[in-house]
Amino acid sequence: MQKKSPKVPYDPKTIEAKWQAKWQETGIYQPDLEIAKRPFYNLMMFPYPSAEGLHVGSFFTYGGIDAYGRFKRLQGYTVFEPIGLDGFGIHSENYALKVGRTPQEHAKISEKNFYRQLHALGNMFDWSRKLETYDPDYYKWTQWLFTELFKAGFAYKAMAKVNFCPSCKTVLADEQVITKIKDQRSKIKDSNEEQKVSVKVCERCETEVEMKNLAQWFFRITEYAERLLGNLETLDWSQKVKVAQKNWIGKSEGAKISFNVILNDSEGSEKHREDSSPAKRGQNDIRLSIEVFTTRPDTLYGATFMVVAPEHPLIQSILDERSKIKDQRSKIEEVKAYVESATKKSETERTEEKDPSAGSGQGKTGVFTGLYVTNPVSGEKMPVWVADYVLMGYGTGAIMAVPAHDERDFEFARKYGLPVKQVISPIRHPEQREGSHVGLPPKRDSSSSPQNDMQEEAYTGVGVLTNSGDWDGWEMPREMGKVLDWLEKKGIGERMATYHLRDWLISRQRYWAAPIPMIHCAACAKEGKSWFTQCHSERSEESHGSKRSFANTQDDMDGAMAGWYPVPTEDLPVLLPEIENYRPLGTGKAPLASYPDFYETTCPVCGGTAIRETDVCDTFLDSSWYFLRYLATDWPEMPFPSLKYLSEHSEDSVGQRVRKSDHLKLRYSEFSEKVKSRGQWLPVTSYIGGAEHSVLHLLYARFVTMVLHDLGYLDFEEPFTRFRHNGLIIKDGAKMSKSRGNVINPDEYVNKFGADTLRMYLAFVGPFSDGGDFRDTGIEGMGRFLKRVWTMLAGQKISSIAPADSAKRLLHQTVAGVTADMEELRFNTAIAKLMTYYNGVSKQETLTMEEAKAFVQMLAPFAPHMAEELWELLGEQYSVHNSHWPEFDKQYLVEDVVTVVVQINGKMRASFQDQRANLPAGRQGLNAQKYVEGKARKLGKVQKYLEGKEVKKVIYVPGKIINFVT
RNA sequence: GCCGAGGUGGUGGAAUGGUAGACACGCGGGUCUCAAAAACCCGUGGGCUUUAAACUCAUGAGGGUUCGAGUCCCUCCCUCGGCACCA
């Protein structure tokens, strides 16, 4: 091949500016959302605009996702690739505070910086449809979403023990609290030991969270626990993320069992009962039993005591009654003191003291309440204890303790000398060993012999029930169903599942977020009026006659939500006012609570004075629906393409009730077709983002989509058909952040090497789904590669003749390999194949047009600017991104099908088949003869060992059977 | 403790059960140059060997299945991520 130097040297700066301008000008990345053929919604998680701007990690992620989108585009899809900013939130607010600007001012600055960097990256973003969550045109609909959730009974305000970050001065959702293992000096006096302590900290600032009792807004995400779990199976998502969600939802199946409280064991309560009027007694009867949740109802006969959480309401009321009895007073005081101290402790303290793995002292604490319950199956009397190892927030807040078969109960029983009763005896399968279809052998065989009640530890393995009346001999857990049936038949218990998932705590006591669009009217509250009593009926059938029955929450809502009204849609958005002091207060109140101008308003129902909610929304609400908004950023009248919304708000909808709203001028006939067409983009075809959002954003987005579906606004219930996670680029083993001072700004690399080189380098350096530690050794190598490609293609005479067969084979094999890699987001190996291809092609005598074009097309996803320039130099029409991904012909993939047979003395000893096409990339250039011989040698070696003979020769004929002559 | 993902040269990392280390970085040598940089060419897991060929040992450790194992199975060790008094 003759090397000619190109007329122009490779100048990424000029090239990149030129093509970015041209893309913008021609609008090739702005698909018409209403006539798109083969729509492909290529979504990436929009960035949270921090002060430091994008770092190389974002280039790694966004560049990779864009490469995938461009690949899809070249495959003939109409790709919609939007971008925006998730700009509300603490991070920006803190930064604004630090530099003494308002968040609004800061947002403007960082917006400019982010969009500049995102432009420089050269992605095929549709810049005509960007959005920012702090834009009133956006958060108007975030607020609308809140009100819709409220109206459907999914939002409620309640007192709850919530996580509070003293540094961020706001409450946090459960999902925003993470457990950290810290090395800490022991808090125990006179101990200087370093010990590992697990601490609950704020996800953002890693400050240890406190528990506070505050009135907060929640979303009933728990209502959807079962569906969120069940649907996971149907989703094409990274396994990793599915597992994380499954764990977070944390379903355990078991039974709810009622235990009757024994009241006649003391005169006092007997007397109390006699005093009671029949009506009051009826009330008492409800309180006379305590429900527990257990996953091991089979061990019910082994339940020897009961433990309730310190916060358990039942215990509180029973204590109140008992305190009337004189001789119980000291007991009561003891219990009260315990409950008080336990509830005061932080979650961390509670677990810290009792976590045996933390190495600290004698585990669990608790006190006897003086109460007894009856074991419903054995009839035995069981003392009721209160202990903080039982959590109010899980199950029913009360457990039946089966010390023989539960490690925690065992520990507690041993400490307080409570009885232990063995009811499971391990199965010994002597001859079952082989065909055993029943699970595992007992975990510990050394430990507890079942006959011995003086156990050393709890036996939690499988086994057969003993000492259990009718149940004796049933095998657990295989025959658990029999136990449940039995309990349900007798009315003692019923099947029940509990979930780790808690309701989504949505309110925040900060400033830079969407105000919660709720109004509280004290006058209405007094009269017990609420939105549910005043406004609900008028829209109940049409709006909420969905699949879900709202009846169960309805009653609660009427009472608990007295005085609360959502801001009417036509009054949205509730604008976030620019206030002077937006610093968080730390009092449990938000900054807006200091601004009467903001919160003073009138009641939408009675017209009296009322107060706005001053808490703001969790920013995860902003991001839970943004992918819907991208499709309607040009529609101020509608949150997202939704026929239901349109029909409710249009003025001339056929067969629909006409709604008169001054600001809504939608015409049904005009919009319905558009809405339908745009709806074809949903659900999102491909979503790619960080795995760190497994249980935050991704779960919330699923929840919100499900609600919108059930309310009729969407016709699908899962937002993201396919989700893949990208890896995280870290620096020196830690996440990049300004506080750590390890942020790598991509700007300098873009300036020095160009965006193409940086994109390609980042994509090449490691697997997309893993990420890794950033280092720039080797980026020059990628620069060299692109320069060489440039030199070859820009300076070379391209021959118009068809490539030779061997060249064609190399090309088609590369195309096949790269195509497969792109589909699976294996960008690093795709690029390696392109480099191998270059190495092969650069040694050829001539480069044909077919080869050059295909090469440029395959390069285009990674180096989009340079590919455009080369495409032009090849004399092709703008744009390479409008061309078509190269095809490959299978006939070139299968070079030789060889069957190798090893025969010794005419007897077949071994065989294998091999197709050159199936060889991995690096081996495709190998000489077939050599390859087969190499394998044969190995085979021969084995035969030599077996037969003592030597393989002397290999006969190899392409496409034919090979015989080894011995 | 439970769940998940891993452990391959000096480095990042390749390998549908079929020549382990593709591709790249780095390093060594060379061409060009007064010299350097750039560019280009050659080499580059260990052992053995002047070189080459050939041989041989190598994918955390140890077993197993197979004609053949980095890949599949079992046991163990280690690293990273998630969850955790969840009844």
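Just so it is clear: chains get the letters A, B, ... in the order the sequence lines come, proteins before strands, and each one is counted from 1.
Nearest to the side chain of P767(A), among G12(B), A87(B), G13(B), sits G13(B). In this structure, the nucleotide among A87(B), A84(B), G4(B) sitting nearest to the side chain of H500(A) is A84(B). For R784(A), taking side-chain heavy atoms from C-beta onward, the closest of the listed nucleotides A87(B), A24(B), G26(B) is G26(B). Ranking C86(B), A22(B), A87(B) by closeness to the S252(A) side chain, first place goes to A87(B). Comparing C86(B), C40(B), C25(B) by their nearest atom to the side chain of T777(A) picks out C25(B). For N828(A), the side-chain atoms get nearest to G13(B) when compared with the rest of G26(B), C23(B), G13(B). Listed candidates were A87(B), A15(B), A24(B). Nearest to the side chain of T829(A) is A15(B). For W248(A), whose side chain is taken as the heavy atoms from C-beta onward, the closest listed nucleotide among A84(B), C40(B), G12(B) is A84(B).
Of all nucleotides present, only A5(B) satisfies the Watson-Crick or G-U wobble test against U79(B), with each distance under 3.5 Å. A84(B) makes up no base pair with any nucleotide shown, lacking Watson-Crick or G-U wobble contacts both under 3.5 Å. Pairing partner, C32(B): none, since no Watson-Crick or wobble contact has both distances short of 3.5 Å. Partner assigned to G68(B) is none, using Watson-Crick or G-U wobble distances below 3.5 angstrom. Across all strands shown, A53(B) forms no Watson-Crick or G-U wobble pair with both key distances under 3.5 Å. Nucleotide U16(B) forms a pair with no other nucleotide shown, judged by Watson-Crick or G-U wobble geometry with both contacts under 3.5 Å. Base pairing of G62(B) is made with C74(B), judged by Watson-Crick or G-U wobble geometry with both donor-acceptor distances under 3.5 Å. Applying the Watson-Crick and G-U wobble criteria (two distances, each under 3.5 Å), G21(B) pairs with nothing in any strand.
Judged purely by distance below 3.5 Å, without hydrogens or angles, the side chains of E226(A) and Y499(A) pair a donor atom with an acceptor atom. Residues S238(A) and H725(A) have side chains that bring a donor and an acceptor to within less than 3.5 angstrom of each other.
For G63(B) and G30(B), the P atoms lie 46 Å apart once the distance is rounded to whole Å. Taking atom C1' on both C32(B) and C41(B), the two are 11 Å apart, rounded to the nearest angstrom. Spacing between U44(B) and A24(B) at atom C1', rounded to whole Å, works out to 14 Å. Between A61(B) and A54(B), the two C1' atoms lie 32 Å apart (nearest whole Å). Separation of the C1' atoms belonging to C27(B) and A20(B) is 22 Å when rounded to the nearest angstrom. Separating the P atom of A36(B) from that of G45(B) is a span of 28 Å, rounded to the nearest Å. Rounded to the nearest Å, the gap between the P atom of C73(B) and that of C83(B) is 28 Å. Nucleotides G21(B) and A15(B), compared at atom P, are 13 Å apart to the nearest Å.
The environment of K246(A) atom NZ is sparse: at most 12 non-hydrogen atoms of other residues, nucleotides or ligands sit within 6.0 angstrom.
A syn orientation is assigned to G9(B), its glycosidic angle lying within 90° of 0.
Atom pair D776(A):CG and U11(B):P shows a separation of 18 Å (rounding to whole Å applied). In this structure, the NE2 atom of H725(A) is 14 Å from the P atom of G81(B), given to the nearest Å. Distance CG (D773(A)) to P (C80(B)): 14 Å, rounded to an integer number of Å. Distance, Q813(A) CD to U16(B) P: 15 Å, rounded to whole Å. One can place CE of M392(A) at 14 Å from C1' of C86(B), the figure rounded to the nearest angstrom. In this entry the distance linking CE of M782(A) with C1' of G13(B) reads 13 Å, nearest Å. Taking atom CD1 of I831(A) as the reference point, atom P of A22(B) lies 18 Å away to the nearest angstrom. Residue Y838(A) contributes atom OH, which lies 14 Å from atom P of C23(B) at whole-angstrom precision.
Judged by closest nucleotide on RNA chain B, D821(A) is the one of T295(A) and D821(A) placed further toward the 5' end. Toward the 5′ end of RNA chain B lies the nearest nucleotide of E780(A), the other residue of the pair E780(A) and G393(A) mapping further downstream.
Remark: aromatic rings of F785(A) and Y838(A) are close, center separation under 6.0 Å. If you look at F862(A) and F764(A), their ring centroids are not closer than 6.0 Å.
G781(A) comes within contact range of the sugar-phosphate backbone alone, with a heavy-atom separation under 4.0 Å but no base atom that close. Contacts of Y499(A) with the nucleic acid, taken as non-hydrogen atoms under 4.0 Å apart, are absent. Nucleic acid contact class of N839(A) (heavy atoms, under 4.0 Å, all strands): sugar-phosphate only.
The cationic group of K364(A) does not satisfy the cation-pi geometry with F412(A), failing either the under 6.0 Å distance to the six-membered ring centre or the 45° limit from the ring axis.
The one candidate from F293(A), F305(A), Y394(A), Y389(A) that meets the side chain to side chain contact (heavy atoms under 4.5 Å, CB included) condition with I399(A) is Y389(A).
Ring pair Y416(A)/W385(A) is tilted by interplanar angle, where 30° to 60° counts as tilted.
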